[in-house]
Q: 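What follows is a structure written as structure tokens; I'll ask about it next.
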Amino acid sequence: MTTAVSANRIELLQIADAVAREKSIDKELVLEALEEAIQKAARSRYGAENEIKAHIERKTGDIKLYRVMEVVENVENHATELSVADAVKLKEGAVIGDVLADELPPIDFGRVAAQTAKQVIVQKVRDAERQRQYDEYEKRVGEIVNGVVKRVEYGNVIVDVGQAEAVIRRDQMIPREHMRNGDRIRAYIFEVRREQRGPQIFLSRSHPDFMAKLFAQEVPEIYDGVIEIMGVARDPGSRAKIAVRSADGSIDPVGACVGMRGSRVQAVVNELAGEKIDIIQWSPDPATFIISALAPADVAKVVMDEDRKRIDVVVPEDQLSLAIGRRGQNVRLASQLSEWQVDIMTEAAESEKRQAEYKARTEIFVDQLDVDETLALLLVAEGFRNMEEVAYVAPEEFAGIEGFDEGLVEELQNRARESLERQAVESEKARLELGVSDDIAAIEGMTPAMMVTLGEAGVKTLDDLGDLSADELISREDGILRGTGLDEDQANAFIMAARAHWFDDEEDASEEAEAEVAEDGDAK
């Protein structure tokens with residue numbers, strides 16, 4: 001009989017060890033789950049009101065049950081509490097706060113108790129397995145993982161990645177790529193979420209970083225850090241651009257990524273279902289970089305607007321379609337790669353645009369400064385773009401213009417300032433007539449002209465402005481303030497300033513609630 005009991009105890013440890021190995025979790029977690037299951041069964045035997053602890057000896061497998069009671073001054077629950085007088089009988093020198101453990105005889109598990117214990121163990125092991133999966137894959141976000149297609153559900157691909165299942169959603173697949181059960185697949189781990197049904201591992205084959213990681217696997221110089229990937233832009237399944245630079249001047253980053261006879265880049269192309277890849281040498285000069293990114297089109301010249309991060313690229317007539325690409329693909333990828341807004345135009349269109357801008361600026365200067373066309377053209381030719389620049393630029397900036405003496409410069413700047421003041425007065429009057437609130441006028445950086453434009457669009461209160469997005473303000477097609485030179489950061493600053501009072505209301509409500517709680521406390 002003793003031998004049988006001993007064998008059962010050893011078998012208990014063997015089972016715990018086998019479960020831990022199979023589920024790739026800590027053996028200690030399995031034993032703790034067993035202890036909890038035994039405790040639950042013991043409570044049903046000795047009474048749920050008792051505080052019972054179970055302990056499994058880690059070396060021998062012996063199971064011991066204890067009834068735990070705390071020593072207190074005034075006993076309220078006789079099942080879990082003990083007076084000092086009674087505690088001294090069990091343990092000499094017992095004091096308030098001590099916890100005494102009274103060993104109980106072992107129990108025989110009935111069918112119901114065994115089933116309950118099994119459920120506890122299964123749930124604990126499942127929770128531990130889910131936590132292990134989350135911890136393992138959360139650390140691997142940004143890596144490429146290999147797996148086997150398990151099934152395809154409504155276009156989403158379920159992948160067995162070893163110790164867990166992952167999913168590639170339809171929008172993260174390469175278009176026109178078909179997967180079947182049993183296919184081996186490589187994908188990029190871009191998100192791991194903890195959810196009620198367990199950790200959800202999301203993979204991607206269309207993510208730009210997937211291509212970057214593939215190059216790092218194929219090109220040793222990238223893996224070693226000699227060559228750095230500066231940016232990736234993809235139109236998955238069709239075309240991509242990748243910018244690289246070398247920390248070693250003796251190594252050609254483009255040639256290293258292409259490989260001998262194109263072997264390295266071809267390996268990546270094959271993995272990406274034939275996606276064409278342009279490898280571009282990165283340059284710190286945006287103009288040079290964008291010209292390279294628009295290859296194979298030839299560029300005649302570029303005109304940059306650094307404040308708005310926009311660049312006009314001028315190409316010969318016969319290069320226009322090549323620069324734009326099919327459905328705008330080439331220019332779109334170049335824009336994504338450089339993070340600049342790239343506009344393509346022919347030399348004729350560029351000339352026409354510049355002439356129109358020159359004419360518009362000249363007319364403004366003639367009208368606002370009350371000067372003749374020749375003088376206005378001189379100002380435009382010297383790079384003056386608006387009245388603010390004429391009014392507030394340092395007088396030395398006019399020194400290089402032929403025929404401009406100190407008196408003429410002073411007179412022009414005075415006229416420009418007077419013109420701006422008149423415009424401000426007119427705009428303020430228009431703002432009030434349109435009903436644009438003083439709160440909007442108080443936003444830092446908001447000009448009178450902007451407020452009039454907002455008022456004409458029906459944006460008259462802080463709530464009206466706060467409900468807008470940056471795109472609704474500065475979109476090139478239909479942005480309310482698209483012609484004011486406002487950039488995205490400034491637009492977001494306006495919107496957040498307009499929303500600030502929303503949070504003030506919440507803080508006031510919170511303070512009132514705290515005050516009421518304090519008053520109630522004082523009253524008590």
Side-chain angles (χ1 to χ4, degrees), residues 130 133-134 136-218 229-243 265 267-278 293 324-339 341-342 469-472 475 477 488:
R130 287 173 174 174
Q133 288 177 354
Y134 178 82
E136 178 183 347
Y137 287 95
E138 195 268 339
K139 295 174 185 174
R140 295 180 63 186
V141 170
E143 294 182 9
I144 286 180
V145 66
N146 295 306
V148 177
V149 175
K150 202 167 184 182
R151 62 186 182 277
V152 179
E153 298 176 349
Y154 306 106
N156 302 319
V157 180
I158 312 302
V159 182
D160 183 353
V161 291
Q163 297 294 331
E165 282 188 0
V167 60
I168 309 178
R169 291 181 298 214
R170 183 187 305 175
D171 61 335
Q172 295 298 324
M173 290 292 295
I174 295 174
R176 297 177 298 280
E177 185 177 42
H178 300 288
M179 292 291 170
R180 293 173 295 182
N181 293 357
D183 286 353
R184 297 201 62 81
I185 191 172
R186 280 200 287 180
Y188 174 80
I189 304 175
F190 76 96
E191 186 182 9
V192 177
R193 288 207 301 255
R194 196 194 301 270
E195 294 187 1
Q196 192 70 27
R197 53 182 176 173
Q200 297 296 299
I201 304 163
F202 295 98
L203 308 181
S204 174
R205 284 177 59 79
S206 63
H207 199 287
D209 287 343
F210 179 49
M211 190 174 80
K213 292 292 182 181
L214 289 174
F215 269 102
Q217 289 183 351
E218 297 294 337
I229 296 175
M230 302 301 294
V232 178
R234 289 183 66 191
D235 191 351
S238 179
R239 192 171 180 182
K241 293 180 184 288
I242 180 169
V265 70
V268 178
V269 168
N270 292 341
E271 179 63 39
L272 298 178
E275 193 170 310
K276 294 186 175 104
I277 301 174
D278 297 334
I324 294 174
R326 187 177 62 178
R327 297 176 185 170
Q329 185 183 69
N330 194 47
V331 67
R332 184 174 66 252
L333 292 176
S335 183
Q336 291 174 9
L337 191 65
S338 63
E339 297 182 347
Q341 178 64 49
V342 181
S469 66
D471 192 56
E472 288 176 299
S475 170
E477 289 76 22
E488 186 174 358

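What's counted below: heavy atoms across the whole structure, side chains too, no hydrogens, waters or symmetry copies. Numbers for residues simply follow the sequence, beginning at 1.
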Q: Taking all heavy atoms of A240 and all of R234, pick out the closest pair and write down the distance.
A: CB-CG, 3.8 Å

Q: Measure across Q341 and S335 and return the closest heavy-atom pair with its distance rounded to 0.1 Å.
A: CA-OG, 3.9 Å

Q: Got a sec, which residues hit side-chain hydrogen bond (donor to acceptor under 3.5 Å, both in side chains) with S206, two or more places apart in sequence or on another chain?
A: Q172

Q: Can you name the residues that form a side-chain contact (heavy atoms from CB on, under 4.5 Å) with R194, not counting sequence neighbours?
A: Q131, Y134

Q: Please identify each residue that fulfils salt bridge (charged side-chain N to carboxylate O under 4.0 Å, His left out) with E191, with sequence neighbours left out.
A: R193

Q: When you compare the side chain of M179 with that of M173, does any pair of heavy atoms fall below 4.5 Å?
A: yes

Q: Quick one: salt bridge (charged side-chain N to carboxylate O under 4.0 Å, His left out) partners of D235, sequence neighbours excluded?
A: R332

Q: Apply the test side-chain contact (heavy atoms from CB on, under 4.5 Å) to residues V192 and F202: give CA-CA distance (whole Å), side-chain angles for both, the deciding distance (0.1 Å), then the verdict.
A: CA-CA 6 Å; V192 177; F202 295 98; over 6 Å; no

Q: Sequence neighbours left out, what passes side-chain hydrogen bond (donor to acceptor under 3.5 Å, both in side chains) with S238? Give chain and number order.
A: Q329

Q: How far apart are the closest heavy atoms of V331 and G328, and which atoms are they?
A: CG1-O, 3.4 Å

Q: Go through the structure and list residues passing salt bridge (charged side-chain N to carboxylate O under 4.0 Å, His left out) with E165, not counting sequence neighbours.
A: K150, R151

Q: Apply side-chain contact (heavy atoms from CB on, under 4.5 Å) to V149 and R180, showing your working.
A: CA-CA 7 Å; V149 175; R180 293 173 295 182; over 6 Å; no

Q: List the residues meeting side-chain contact (heavy atoms from CB on, under 4.5 Å) with E271, not counting sequence neighbours, and say none if there are none.
A: R186, R205, F210, L214

Q: Counting N and O atoms only, with roles assigned by atom type, does the side chain of K241 sit under 3.5 Å from a partner on the main chain of A334, one being a donor and the other an acceptor?
A: no

Q: Quick one: list whatever passes side-chain hydrogen bond (donor to acceptor under 3.5 Å, both in side chains) with E472, sequence neighbours left out.
A: S469

Q: Only pairs at least two apart or in different chains count here, so list each ring-ring contact (aromatic ring centres under 6.0 Å, His included) that has a residue in residues 161-201.
A: Y188-H207

Q: In the structure I gave you, are the side-chain heavy atoms of I189 and V161 within less than 4.5 Å of one another anywhere?
A: no

Q: What are the two closest heavy atoms between S204 and I168, and how far apart are they?
A: CA-CG2, 4.5 Å

Q: Set out, in order, the CA-CA distance, both residues' side-chain angles and the distance that settles side-chain contact (heavy atoms from CB on, under 4.5 Å) for L203 and I185, then state yes or no.
A: CA-CA 11 Å; L203 308 181; I185 191 172; over 6 Å; no

Q: Where is the tightest heavy-atom contact between A273 and E177, given as atom of each residue plus distance?
A: CB-OE2, 4.4 Å

Q: Could you measure the distance from the CD1 atom of I201 to the CD atom of Q133? Nearest 0.5 Å is fine.
A: 6.0 Å

Q: Does A243 have any side-chain contact (heavy atoms from CB on, under 4.5 Å) partners at least two apart in sequence or in another chain, and if so, which?
A: M230, W282, F289, L337

Q: List for me each residue that meets salt bridge (charged side-chain N to carboxylate O under 4.0 Å, His left out) alongside E488, sequence neighbours excluded, and say none if there are none.
A: none

Q: Between V167 and E153, does a side-chain contact (heavy atoms from CB on, under 4.5 Å) hold up when you go through it step by step?
A: CA-CA 10 Å; V167 60; E153 298 176 349; over 6 Å; no

Q: My understanding is that only residues two or more places apart in sequence, or in another chain, count here; which of them pass side-chain contact (heavy atoms from CB on, under 4.5 Å) with V269?
A: V265, Q266, I277

